[in-house]
There are 2 protein chains.
Amino acid sequence: MAFVVKSLSMNSAPSNLTNNGAPASGAVSPTAAPSSAVPSPAAPSPTFSPLYQQIKALITQSLQSGEWKPGELIPSEVELAGRFKVSQGTVRKAIDELAAENLVVRKQGKGTFVSTHHEARAHFRFLRLMPDEGVPHYPESRFVEVKRLRAPADVARLLELKSGDAVVYIKRVQLFDGVPTIVEELWLPGLVFKGLTAERLNEYKGPMYGLFESEFGTRMIRAAEKIRAVCADEGVAELLRVDPGTPLLMSERVSFTYGDKPVELRRGLYSTERHHYQNDLN
Amino acid sequence: MAFVVKSLSMNSAPSNLTNNGAPASGAVSPTAAPSSAVPSPAAPSPTFSPLYQQIKALITQSLQSGEWKPGELIPSEVELAGRFKVSQGTVRKAIDELAAENLVVRKQGKGTFVSTHHEARAHFRFLRLMPDEGVPHYPESRFVEVKRLRAPADVARLLELKSGDAVVYIKRVQLFDGVPTIVEELWLPGLVFKGLTAERLNEYKGPMYGLFESEFGTRMIRAAEKIRAVCADEGVAELLRVDPGTPLLMSERVSFTYGDKPVELRRGLYSTERHHYQNDLN
DNA sequence: GAGTGGTCTAGACCACTCC
DNA sequence: GAGTGGTCTAGACCACTCC
């Protein structure tokens with residue numbers, strides 16, 4: 001891993017949790033008990049945060065620090081409840097939200113697992129281009145260019161870097177059933193993706209996010225995409241084997257890891273002759 | 001309303017709820033009680049459905065039937081728990097899911113409200129075209145054509161009608177700050193949208209989904225969209241005041257009401273000169 | 001102060017997986 | 001049979017709204 005995160009001791013009771021909700025731990029009996037024994041704090045905290053949100057933040061830190069790695073089983077709800085000295089219900093509510101955000105996956109009877117990009121389930125969460133006919137599948141990659149350069153101003157701004165900071169630049173073509181369909185350029189922070197080379201990319205089979213997760217300790221957890229229509233210029237037309245002037249979808253995507261930190265800028269051109277961008281509005 | 005839904009009597013105890021989960025109502029005391037008094041059913045139901053899902057279905061029926069109308073307050077959790085003879089926690093879990101699906105909106109201290117398209121919050125759930133600069137706002141509509149016709153085969157298929165069934169056809173241009181940006185065609189089932197005329201559309205201010213909800217008892221609750229890039233033909237170019245051949249986004253959207261019933265087909269062409277289609281991948 | 005949704009606990013039992 | 005997440009209950013108290 002390229003970065004270090006101050007690790008919390010998860011094994012000691014977290015004495016800094018603030019229970020500004022319901023009955024204090026251990027101070028309650030099943031029959032109605034006077035709660036006046038517990039002195040209430042001076043005033044309701046202005047930065048009120050429910051216990052389960054605090055637990056969620058602690059679990060997220062363990063995910064981010066790599067204490068529990070992608071694909072691994074995390075401790076059971078009962079065990080986490082014991083560690084954090086809260087009820088199972090509170091842990092459950094924290095994990096519910098993490099599952100809704102796709103950070104973990106629950107499997108009844110087995111346990112809760114850290115999400116990973118190394119599974120079919122995850123592949124189409126970020127790739128929205130679907131074939132008009134036939135079964136969706138993952139495209140083949142051909143890398144056109146991989147190099148390190150200094151971030152241009154617009155790239156630096158979107159990645160929250162300083163203009164001129166080192167970035168890794170990647171250009172590739174993606175093919176479905178041998179038909180070139182996507183041309184895209186990527187920019188990644190040089191510091192985080194030190195050692196990312198064309199060789200590493202060519203060796204690796206499967207989505208790049210799997211490689212980023214396994215080899216660079218960086219998990220993409222959400223992305224913001226802006227889409228426009230453009231015409232193919234000559235260079236792109238050649239790569240996609242279409243006529244210059246053919247209309248293409250243009251996507252600009254910024255992907256974020258933990259803490260809403262942007263760690264990838266991707267600009268793609270999609271041929272929509274035999275594919276379409278699928279979106280469900282819920 | 002153009003259709004009739006068999007209404008459930010919500011005021012009588014629903015005797016057909018199946019509690020195939022935990023302790024039977026009223027058969028449990030706080031101290032460990034023998035549960036053998038409750039005879040277990042012959043075998044675990046093959047179509048196992050948790051109680052809260054059954055409650056959710058009952059609430060959804062009340063929403064669909066118009067017993068609780070868009071914008072209105074629904075009964076409190078405590079009251080619903082009493083009606084359905086379940087705990088507040090079970091009602092809460094049912095409503096949690098309905099809120100996640102945007103069918104209802106919870107407001108702490110006030111109650112739970114039926115969602116409506118008559119509020120700023122809802123407007124941008126289906127309109128994803130955002131200005132490159134400035135604050136998002138709702139476009140002005142100019143109706144080009146409104147007529148009734150027989151559904152072509154492709155339209156009938158997507159709306160789950162028979163080819164030749166009556167549909168309402170609408171063509172309009174939408175303008176942001178006076179600049180024509182969207183041309184779209186809509187097809188609606190004739191039976192449901194009886195009486196929808198150019199006059200009604202012109203009188204109405206605000207998003208069409210608000211009109212559909214208030215005047216035709218049909219609420220759009222989700223949609224599936226497919227997006228492609230195309231070139232403007234001469235007719236569209238004139239309406240959008242762009243050069244013929246200009247690249248445009250083409251969206252085909254099918255919208256669904258309760259029960260996953262398709263009730264609108266919309267085909268739109270978007271100019272992305274000063275706007276972009278915004279999508280967040282979570 | 002009364003009513004609403006929101007949080008938290010403790011405890012029981014179920015569905016499912018793995019041995 | 002033991003362990004996991006999933007459901008359900010009852011009850012307490014909190015944050016927020018409205019009067």
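This one's a predicted model, so the numbers in the text were calculated from it and none came from an experiment.
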Separation of atom OH in Y52(B) from atom P in dC13(C), rounded to whole Å | 21 Å
What's the CZ-P distance between F48(A) and dG6(C), to the nearest Å?
-> 11 Å
So, with a heavy-atom separation below 4.0 Å from DNA chain D, the residues of residues 100-116 of chain A are R106(A), K107(A), Q108(A), G109(A), K110(A), G111(A), T112(A)
Separation of K85(B) atom NZ from dC8(D) atom P, in whole Å?
-> 17 Å
Calculate the interatomic distance between I55(A) atom CD1 and dG6(C) atom C1'; express it in whole Å.
-> 17 Å
Strand-adjacent residues in residues 89-96 of chain A, judged by heavy atoms under 4.0 Å from DNA chain D = R92(A)
Starting from P on dA15(C), measure out to CG on L51(B) and report it in whole angstrom.
-> 12 Å
Would you indicate, yes or no, if dT4(C) has its OP1 or OP2 atom less than 4.0 angstrom from a side-chain nitrogen or oxygen of S76(B)?
-> yes
Determine the interplanar angle of the H137(B) and F176(B) rings, folded into 0 to 90°, and report it as parallel if under 30°, tilted if 30 to 60°, perpendicular if over 60°.
-> perpendicular
Annotated structure of DNA chain D as dot-bracket, pair cut-off 3.5 Å, Watson-Crick or G-U only, | for inter-strand, is ||||||||||||||||||.
Within the side chain of S65(B), is there an N or O that forms a donor-acceptor pair under 3.5 Å with the backbone of S62(B)?
-> yes
Taking only residues two or more places apart in sequence or in another chain, which ones pass salt bridge (charged side-chain N to carboxylate O under 4.0 Å, His left out) with R200(B)?
-> E215(B)
Does E101(A) have any salt bridge (charged side-chain N to carboxylate O under 4.0 Å, His left out) partners at least two apart in sequence or in another chain, and if so, which?
-> K56(A)
Results of side-chain contact (heavy atoms from CB on, under 4.5 Å) for H123(A) - residues two or more places apart only = Y138(A), P207(A)
Of the candidate nucleotides dG6(C), dT9(D), dC8(C), which contains the atom at the shortest distance from the side chain of V86(B)?
-> dT9(D)
Sequence neighbours excluded, which residues qualify as side-chain contact (heavy atoms from CB on, under 4.5 Å) partners of F124(A)?
-> L127(A), M130(A), P136(A)
Residues in side-chain contact (heavy atoms from CB on, under 4.5 Å) contact with F256(B), at least two apart in sequence or another chain = R222(B), A224(B), V254(B), D260(B), P262(B)
Report the distance from atom CD of Q53(A) to atom P of dC8(C), rounded to the nearest whole Å.
-> 9 Å
Spacing of Q88(A) atom CD relative to dT9(C) atom P, expressed in whole Å = 11 Å
Non-neighbouring partners of R253(A) that pass salt bridge (charged side-chain N to carboxylate O under 4.0 Å, His left out), sequence neighbours left out | E225(A)
Which pairs with one or both residues in residues 85-117 of chain B pass ring-ring contact (aromatic ring centres under 6.0 Å, His included), sequence neighbours excluded?
-> H117(B)-F126(B), H117(B)-Y209(B)
Residues two or more places apart in sequence or in another chain: which of them pass side-chain contact (heavy atoms from CB on, under 4.5 Å) with V105(B)?
-> K107(B), S115(B), R121(B)
Interatomic distance, L80(A) CG vs dT4(D) P [rounded to whole Å] | 11 Å
Name each donor-acceptor pair under 3.5 Å that joins a side chain in residues 70-77 of chain B to protein atoms two or more places apart or in another chain, with its distance.
from	atom 1	to	atom 2	distance (Å)
E72(B)	OE1	K69(B)	N	3.1
S76(B)	OG	E79(B)	N	3.2
E77(B)	OE1	Q88(B)	NE2	2.9
E77(B)	OE1	R92(B)	NE	3.3
E77(B)	OE2	R92(B)	NH2	3.1
E77(B)	OE2	R106(B)	NH2	2.2

